[in-house]
Amino acid sequence: MGYVPHTEQDRAEMLATIGADSIETLFQDIPSEFQLDRPLNIPHSLDEYGLYRYLGSLAALNEDSGKLTCFLGAGSYDHYIPASVGTALSRGEFLTSYTPYQPELSQGYLQTIYEFQSMICAIYGMDVANASMYDAATALAEAAFLAHAATDRKKVVASKGIHPHYRQVVRTMCWAGGLDYVEVGPDEAPSLDGAACFLFQYPDFFGIIRDARAWTKAAHDAGALAISCSDPIAMGALKPPGEYGVDIVVGEGQPLGSPMGFGGPCLGLFTVKEKFVRRIPGRVVGITKDMDGKRGFVMTLRTREQDIRREKATSNICTNQALIALAATVYMTAVGKTGLRQVSEGCIRNAHYLADRLTHIPGLRLKYPDEKFAFEFVLELPKPAAAIRDVLMQKGILAGLPLDEHYSGMDNCLLVCATEVRTKEEMDRYAEALREVSA
Amino acid sequence: MGYVPHTEQDRAEMLATIGADSIETLFQDIPSEFQLDRPLNIPHSLDEYGLYRYLGSLAALNEDSGKLTCFLGAGSYDHYIPASVGTALSRGEFLTSYTPYQPELSQGYLQTIYEFQSMICAIYGMDVANASMYDAATALAEAAFLAHAATDRKKVVASKGIHPHYRQVVRTMCWAGGLDYVEVGPDEAPSLDGAACFLFQYPDFFGIIRDARAWTKAAHDAGALAISCSDPIAMGALKPPGEYGVDIVVGEGQPLGSPMGFGGPCLGLFTVKEKFVRRIPGRVVGITKDMDGKRGFVMTLRTREQDIRREKATSNICTNQALIALAATVYMTAVGKTGLRQVSEGCIRNAHYLADRLTHIPGLRLKYPDEKFAFEFVLELPKPAAAIRDVLMQKGILAGLPLDEHYSGMDNCLLVCATEVRTKEEMDRYAEALREVSA
Amino acid sequence: MSDFPLIFEKGRAGRIGAMIPRTDVPDSPIADLIAAENVREPAALPEVDELETIRHFTNLSRRTYGIDVGIYPLGSCTMKYNPRINEKTAALPGFAGVHPMQPEETAQGAIRLLVELQNIMAEISGFSHASAQPSAGAAGEHLCLMMIKAYHTERGDIGRTVILVPDSAHGTNPASAARCGYSVRSVATDAHGNTDLNALSEQLGPDVAGMMLTNPNTLGLFERNIRQITDMVHKAGGMTFCDGANMNALVGIARPGDMGFDCMHLNLHKTFSTPHGGGGPGCGMIGCHDNLAPYMPTPLATEKDGHYFLNADRPKSVGRVHSFHGNFLLAVRALTYVLAYGHDLLPDVARYAVLNANYVQARLHDVFPPAFDRYCMHECVLTGEPLKQKTGVRVLDVSKRLIDYGCHPMTNYFPLIVHEAMMIEPTETENKEWIDRLCDALLAIAKEAETEPEMVKGAPYTAVVRRMDEATAARSLNLRWKQPQPASCD
Amino acid sequence: MSDFPLIFEKGRAGRIGAMIPRTDVPDSPIADLIAAENVREPAALPEVDELETIRHFTNLSRRTYGIDVGIYPLGSCTMKYNPRINEKTAALPGFAGVHPMQPEETAQGAIRLLVELQNIMAEISGFSHASAQPSAGAAGEHLCLMMIKAYHTERGDIGRTVILVPDSAHGTNPASAARCGYSVRSVATDAHGNTDLNALSEQLGPDVAGMMLTNPNTLGLFERNIRQITDMVHKAGGMTFCDGANMNALVGIARPGDMGFDCMHLNLHKTFSTPHGGGGPGCGMIGCHDNLAPYMPTPLATEKDGHYFLNADRPKSVGRVHSFHGNFLLAVRALTYVLAYGHDLLPDVARYAVLNANYVQARLHDVFPPAFDRYCMHECVLTGEPLKQKTGVRVLDVSKRLIDYGCHPMTNYFPLIVHEAMMIEPTETENKEWIDRLCDALLAIAKEAETEPEMVKGAPYTAVVRRMDEATAARSLNLRWKQPQPASCD
Ligand SMILES: Cc1ncc(COP(=O)(O)O)c(C=O)c1O
Ligand SMILES: Cc1ncc(COP(=O)(O)O)c(C=O)c1O
């Protein structure tokens with residue numbers, strides 16, 4: 001059976017209506033050489049109980065944030081998720097609807113997207129947000145392509161202060177799309193001659209609050225677009241890039257109400273200043289009225305999109321991350337104006353407390369002691385970071401990200417994160433464990 | 001805050017409308033001697049994340065059916081629960097509605113109750129079901145009181161083949177309500193002179209398929225009502241008590257789609273033959289029409305109920321187990337006619353396989369080898385059952401219920417259950433472990 | 001639109017909506033295992049696919065109104081927000097997957113949870129002992145009466161056959177008393193909405209086993225003379241039981257256990273937000289002082305030296321009142337809820353519940369006057385009598401019309417002693433806008449009653465059905481679906 | 001009824017809808033930690049309480065139609081039942097709580113899941129390698145084109161700048177090609193609804209990097225000449241990509257990898273039932289043969305001697321296409337789904353999907369004739385042209401009217417080459433009654449079009465809104481809520 005409802009009788013009646021004698025007949029267009037004459041070499045079917053048991057056995061092979069105390073951030077964060085998020089997401093009407101092409105039947109969902117766009121704009125201090133991109137990495141790449149289209153320039157300059165994975169994705173996309181991709185050091189003043197854009201992360205991958213204003217000015221002085229990738233939780237307390245005149249702000253929306261999920265689904269946030277509204281990739285929902293004059297919501301600016309413009313579309317994206325955007329909408333509603341600030345401050349306070357505790361351990365110090373940071377920081381250890389990380393793992397502590405794999409010359413560096421859910425006791429335990437290991 | 005939404009401004013505006021200067025004023029009717037002048041001696045508030053962490057830490061102190069392989073039944077069963085049950089129960093409209101006193105706003109819920117009544121009648125072969133009782137134990141007590149009202153007799157005779165806990169409850173309720181409660185052995189031909197009813201369990205507590213027809217005849221011959229307590233899953237394969245002429249059939253509905261939950265919430269099933277319809281306790285939903293002639297559902301026969309009849313009501317029950325009845329309704333819909341049979345047969349087959357395996361172990365035997373059983377059986381061991389149970393627990397096997405606590409002279413007896421979710425491999429492992437222990 | 005089909009009117013023979021676990025033991029014919037004569041024809045359950053199952057119940061839920069949809073101001077029901085975190089904690093496998101009869105050492109978390117909840121609830125209600133065994137309020141009432149009965153019986157005080165119940169009491173009170181073998185005598189209410197002390201003293205006597213009293217009472221008013229009342233009953237040799245359905249007015253503010261009550265029940269499904277679920281399950285936790293403690297039900301979750309166990313060694317106990325340990329997963333929800341408030345915040349529940357109710361009373365005062373004109377507690381009881389006099393529109397009509405305004409109606413015609421009673425309990429979790437919406441709607445309906453009374457009497461117009469013919473439902477009973485009979489052939 | 005309020009139109013300053021975790025470290029002013037000039041004014045998010053949050057989204061969901069409500073026959077979308085067990089497995093803490101960069105030894109279950117899914121999907125599609133990194137179909141297309149590009153580039157075959165795309169193709173195909181730096185040439189469809197071989201051979205040449213082909217194509221028809229097509233492209237030095245959006249017609253029956261395709265993408269959110277979620281997230285898993293394998297994205301989940309790891313040692317790879325490992329929790333759902341069918345049942349998906357589509361085509365044949373009159377595969381493409389000629393009623397009107405019959409409309413006006421296209425994909429999980437309901441409704445609407453065309457053109461009448469003014473939406477853009485400006489004072 002699986003999930004096929006047909007009885008023998010159904011099948012017979014339907015075949016009779018069709019006038020075919022068997023289901024096989026209906027496949028007659030498939031040349032017989034291509035018709036499989038053997039069962040697929042995949043496992044036998046399981047019943048529902050067996051499915052849960054089997055998937056549960058795979059899940060049990062992982063250490064998760066319920067078993068480990070997580071000090072690892074680096075683009076995926078262990079934050080508090082209000083139960084209301086799950087309640088909204090479990091509503092079957094949301095879960096099982098398609099892209100709202102028939103607005104009359106999707107007013108509810110469309111409204112949530114409009115609200116999402118509004119909230120993301122508020123967080124980034126920007127004018128226009130789309131309905132979502134896949135993730136921060138592809139959002140960043142899309143931003144580069146937007147800059148290319150807007151400036152008619154091909155050079156994409158990216159700061160190494162951007163998440164190494166995101167840079168890999170942008171590099172890949174630029175290569176494919178025929179853009180020239182260049183990187184500059186995380187604290188370098190970029191040379192932007194002839195550049196379409198300058199991409200940076202704020203706060204950057206090391207948690208450092210860089211001078212977004214200066215970088216934006218540098219980009220604008222060179223006729224390039226300033227593009228920032230910014231964590232939305234950090235924006236609860238930090239001045240948003242929009243206030244510094246950044247042209248495009250993208251970000252990863254997972255921290256807004258979604259679990260880490262081994263890195264996916266993610267949520268690409270994408271916002272622009274007003275003047276780029278008709279160049280924005282992806283779906284956008286706007287307000288209008290129905291024929292009786294009642295307020296309603298529709299997808300709009302459709303002529304940018306691939307189903308209408310085909311190869312001339314602003315992007316190829318179709319399916320996006322709608323349900324994760326909905327999670328973010330519920331999250332931002334639930335925590336609201338006050339709560340986002342509290343979460344943000346909670347992360348910052350915890351991270352600073354932790355940094356303080358850790359740097360009191362002999363032999364440990366901050367790699368960038370003169371920089372202000374938000375809720376991640378680079379810790380320099382007396383030994384290779386990966387080894388220390390592995391020892392702490394035995395004690396149930398996920399200590400952070402060893403940076404050697406991602407940055408040369410950072411063998412003893414560990415990227416450490418503390419979100420608002422970490423307790424003093426957990427951080428003290430971390431410090432204690434680290435003291436023992438590094439002694 | 002907790003869940004109170006009021007801002008300072010709300011409070012001020014509302015007090016102004018009321019014309020009171022503070023909230024304290026509104027409590028002026030409470031004599032000051034009774035106004036608490038200290039904080040309650042209960043813990044400090046936790047935030048949501050802390051709540052989940054704390055409750056999670058309590059949950060982690062239990063061994064659950066995910067960690068143990070469960071061969072314990074005895075009135076609470078580890079069955080397969082289709083995911084669709086959780087989906088329906090999570091619908092906020094069901095979860096957060098009250099008893100459907102306003103039928104116009106509760107047509108959906110009322111219809112599910114009507115469907116529940118219909119399905120329970122089908123399972124038991126009975127004419128009328130109510131919307132639920134608390135649990136099997138109180139349903140059995142209610143049945144005794146119905147019999148008392150219908151026969152004007154005071155003697156309640158119960159078979160010891162009934163779950164010991166249920167009997168304790170019935171005894172308690174009879175004592176309070178002035179009925180005389182008597183027990184007879186599980187295989188005794190009861191003497192029912194002057195009895196209002198004979199209560200028995202079918203299949204009984206030991207899993208034995210007793211002769212319900214004979215007992216029913218005996219009751220009727222004595223002018224007493226025959227009242228059976230029957231597991232609804234067993235009814236997937238076994239002839240239902242209704243077919244034997246039983247007057248009232250009650251049962252525990254937990255196996256129909258609810259988890260064991262340390263024994264609660266339960267679901268009391270209650271069905272009667274047509275002639276007792278106006279004596280049935282609790283709520284009943286019926287079909288009617290609205291003023292436009294459209295089919296609709298309402299609570300009916302309200303004049304039996306306490307809110308109308310007060311001390312003359314058929315019962316004092318008000319809040320019942322509605323949501324658990326809904327779970328059962330979804331369960332019975334999902335498994336349906338074919339599936340209930342399959343579940344029932346699966347339990348029976350597994351239990352018989354297991355009994356066969358276990359009785360091949362030297363020194364182990366069935367306590368009642370001549371009786372047919374459904375999916376529980378009594379195993380006689382060479383040593384005290386509790387000790388053996390404890391050893392198997394170390395191996396992650398919940399071996400069953402030692403009967404010595406509940407029946408004198410059954411020191412070495414273990415009540416063993418196998419439901420449809422047990423696999424051959426699990427049962428073989430159980431047999432292996434038991435062989436080692438009893439060697 | 002045609003009728004929404006019953007699940008039995010959907011599907012087709014052979015369909016199935018779930019993947020039943022496949023057993024992997026030998027496939028012996030079932031008749032060989034349990035004897036052919038014991039085997040039945042399959043029960044006539046629905047035969048629908050899984051998607052149809054989901055759709056059926058999804059659509060039925062869309063034909064149902066819950067707190068999640070809008071305000072639900074049913075008086076005496078405490079329809080407050082049901083926090084979703086409670087559902088998450090109750091679903092933890094470490095609670096949901098525990099067998100009630102597994103060895104206590106393997107259920108320490110569950111028993112400890114019960115002990116902690118008992119301690120907290122005892123402290124909140126002012127008692128020294130508590131039990132979560134009763135499944136609902138009525139079961140809690142009945143249990144307390146049994147404990148009272150056992151108490152008198154043990155003292156040999158056996159002539160006490162009467163329970164006093166105010167005329168304003170909820171129907172479960174007299175019904176529980178009757179089920180406990182007592183006869184019921186009604187006590188009148190005075191001009192202020194309190195128990196009439198003269199009437200009480202007339203009813204008291206050596207045959208009185210005890211009194212059941214709701215406080216605040218079902219008029220939403222605090223029994224100002226509560227000290228006198230409990231004293232009078234005690235002096236007459238009776239015991240006092242507090243119906244705690246209205247505890248939402250008092251949590252953290254005052255405790256029935258301090259007021260001379262010997263025992264009480266709490267509706268965890270009201271005050272402590274475990275959801276009503278369309279009528280249940282609930283949890284009718286009871287509390288009592290030392291004098292009644294020996295009679296509490298068995299087993300009792302108990303802590304000793306950090307070890308938790310179910311104490312069944314209770315020789316004087318009335319016995320067991322539940323198959324296992326009560327509606328345990330509701331206890332999980334209640335503990336989650338109460339810890340979200342803690343000692344620091346819990347009084348806010350009562351404070352804002354009372355504020356909201358008085359705000360409603362004040363806003364509606366001129367059109368729907370209160371039955372007794374004083375500050376109310378967590379709910380107000382108003383009367384639609386003036387409106388009926390003026391317009392012929394009854395509160396039932398007002399309620400039905402409220403549906404068209406997107407609000408769930410209040411409780412009507414209870415308590416029985418108030419004419420055209422409108423019992424409104426907003427609870428503390430409704431914000432001012434929702435309460436204003438309710439009040440605005442009621443005032444608008446009162447206006448409509450003057451100008452278009454027939455329109456109001458025909459309401460509702462926007463629900464999935466119009467008003468129901470309840471008389472026909474009771475007269476020609478249709479309580480279950482029956483397979484349509486094939487037409488006979490001659 | 002007034003407009004349903006925006007969340008910004010609810011609430012009040014100071015309200016909050018969640019209990020933010022309280023930190024227990026010293027409460028230093030934030031400006032001391034991150035410097036005052038970095039501190040912002042709080043973002044203007046809503047200020048509503050928790051109950052209002054729940055109500056807002058509950059009510060919005062009630063204003064939304066999903067598969068759970070009724071049939072959703074959108075062609076090209078495969079709106080099949082989304083089993084709830086998939087949601088349960090994806091929610092397991094052992095999946096949901098895993099960090100993407102935690103050490104591989106601590107994520108063996110997650111990596112193994114990816115490997116198992118890769119193996120299964122490769123086998124189903126007839127390839128030897130697979131990756132779940134792309135987030136959706138378009139991303140999968142783009143990735144495959146990048147792999148093709150890398151392949152040509154490595155061989156020094158650099159003059160290939162064109163991708164061929166049938167005129168019936170989905171818009172993502174040309175758009176993905178463009179984003180990959182290719183120009184697009186369109187290939188015509190022949191009189192049978194297949195790729196026109198003559199047109200194809202005219203378009204082929206040394207500048208062609210490859211061809212993107214949907215099979216069954218977007219007309220719901222199997223490309224009968226698939227062997228010739230792929231041969232022709234290969235002979236011209238091009239590579240062949242299969243758009244797998246229509247794989248629901250083939251699972252367990254036939255495999256694109258056997259038909260001469262070099263690579264393909266699968267929409268796990270279509271064929272493998274991970275829910276659409278209102279537009280995403282999806283998973284555009286790709287498969288390829290050995291020749292393209294070196295170019296697959298990095299890292300690649302890999303098994304070696306029972307140990308699972310993320311292989312990043314892939315020197316020829318096009319690189320990374322996702323921040324981490326793709327939409328992992330969708331992979332969990334897809335694996336759960338496909339194991340529910342297994343090798344024994346999976347062909348039924350295609351068999352009954354095709355049966356249902358042909359049944360629809362047969363039932364509607366006389367009124368809405370198929371664009372090409374042959375057996376269709378999993379969906380049928382019909383035309384409303386005759387109806388429009390006769391009555392002036394367009395398929396858009398028919399679709400809107402379908403809403404009043406309680407069905408979600410089909411896809412309209414796609415593929416572009418069919419006039420008044422009606423693309424209907426019932427999927428295998430719709431039972432006969434629902435399909436009949438859809439067909440009955442369409443036939444009834446066709447009748448209405450003859451008798452009351454204006455009424456049909458005015459539909460829908462029963463949805464929460466009437467037809468939308470989309471032109472105004474695009475002209476006077478209102479894409480986010482702005483704080484109402486206080487009226488100025490002079
Ligand atoms: C005042 C009062 N007492 C008792 C009860 C009975 O409680 P339950 O329905 O939980 O049995 C109620 C319930 O409505 C009530 O309002
Ligand atoms: C034929 C076809 N190709 C490609 C796509 C794009 O897939 P996605 O929306 O997952 O990017 C679609 C989606 O509708 C489609 O129907």
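Below, chains carry the letters A, B, ... as their sequence lines are ordered, and counting in each starts from 1. Every heavy atom of this structure was used, including side-chain atoms; hydrogens, water molecules and symmetry mates were not.
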Residue selection (most heavy-atom pairs with chain C, distance under 4.5 Å) from B:Ala60, B:Ala176, B:Ala137, B:Gly336: B:Ala176
Taking the six-membered ring for Trp, are C:His322 and B:Tyr134 closer than 6.0 Å centroid to centroid? no
So which of C:Asn356, C:Asn431, C:Asp348 actually passes side-chain hydrogen bond (donor to acceptor under 3.5 Å, both in side chains) with B:His6? C:Asn356
Do C:His325 and B:Phe262 have their ring centres less than 6.0 Å from each other? yes
Tell me, out of C:Pro174, C:Gly181, C:Ala362, C:Gly17, who's got the most heavy-atom pairs with chain B below 4.5 Å. C:Pro174
Honestly, the part of C:Leu74 sitting under 4.5 Å from a heavy atom of chain B is side chain
Heavy-atom pairs under 4.5 Å with chain B: which of C:Val332, C:Thr58, C:Val48 has the most? C:Thr58
Side chains of B:Thr96 and C:Asn82: do they bring a donor and an acceptor to under 3.5 Å? no
For chain B, find which of C:Gly97, C:Gly137, C:Gly109, C:Gly279 contributes the most heavy-atom pairs closer than 4.5 angstrom. C:Gly279
C:Tyr359 versus chain B, the contacting section by heavy-atom distance below 4.5 Å: both
Do B:Ser132 and B:Gln321 have side-chain N/O donor and acceptor atoms under 3.5 Å apart? no
Less than 4.5 Å to any heavy atom of chain B: does that hold for the side chain of C:Arg112, its backbone, both, or neither? side chain
Per-residue contact mode, B:Pro82 against chain C (heavy atom under 4.5 angstrom): side chain
